[in-house]
Amino acid sequence: MNTPSGQPLPKPHERNGSLLRTVRAVAWSLIGLRKGSEYQQDVEKLNPLHIIVVGLIAVFLLVIGLIGLVNWIV
């Protein structure tokens with residue numbers, strides 16, 4: 001698979017995306033708002049393993065936050 005410029009994509013485990021960019025991509029995905037061009041850049045630059053780890057942490061924090069909110073209200 002090649003990038004739009006014709007260069008081959010690095011293997012997924014060899015991509016060195018930044019932590020901030022990974023967190024931002026996961027946050028936008030949880031909200032459900034993402035441009036197609038930004039999604040394509042994420043596919044080219046981010047490591048899938050990093051996305052999975054950050055996604056699991058984000059979902060865990062979301063669940064803990066919701067449990068805390070319910071306990072606080074009730």
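Along the sequence shown, residues carry numbers from 1.
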- [ ] Supply the members, apart from Trp72, of the Ile/Leu/Val/Met/Phe/Trp/Tyr cluster built from side-chain contacts under 4.5 Å; use none for a lone residue.
- [x]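 Members other than Trp72 - counting any ILVMFWY side chain reachable under 4.5 Å - are Leu69, Ile73.
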TODO: Report the distance from atom CZ of Arg21 to atom CG of Asn47, rounding to the nearest 0.5 Å.
DONE: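 So the CZ of Arg21 and the CG of Asn47 are separated by 13.5 Å.
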- [ ] Drop me the distance from Leu61's CG to Leu56's CG, to the nearest 0.5 angstrom.
- [x]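 Atom-to-atom, Leu61:CG and Leu56:CG are 11.0 Å apart.
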- [ ] Say whether Phe60 and Ile67 are linked into one hydrophobic cluster, either directly or through other cluster members, by side-chain heavy-atom distances under 4.5 angstrom.
- [x]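 No, separate clusters.
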Task: Positive for side-chain contact (heavy atoms from CB on, under 4.5 Å) with Val54, one of Leu46, Val26, Val59 - done: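 For Val54, the side-chain contact (heavy atoms from CB on, under 4.5 Å) check succeeds only for Val26.
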- [ ] Flag the pair Leu66 / Leu62 as yes when at least one side-chain heavy-atom distance between them is below 4.5 Å, and no otherwise.
- [x]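 Leu66 vs Leu62: side chains touch.
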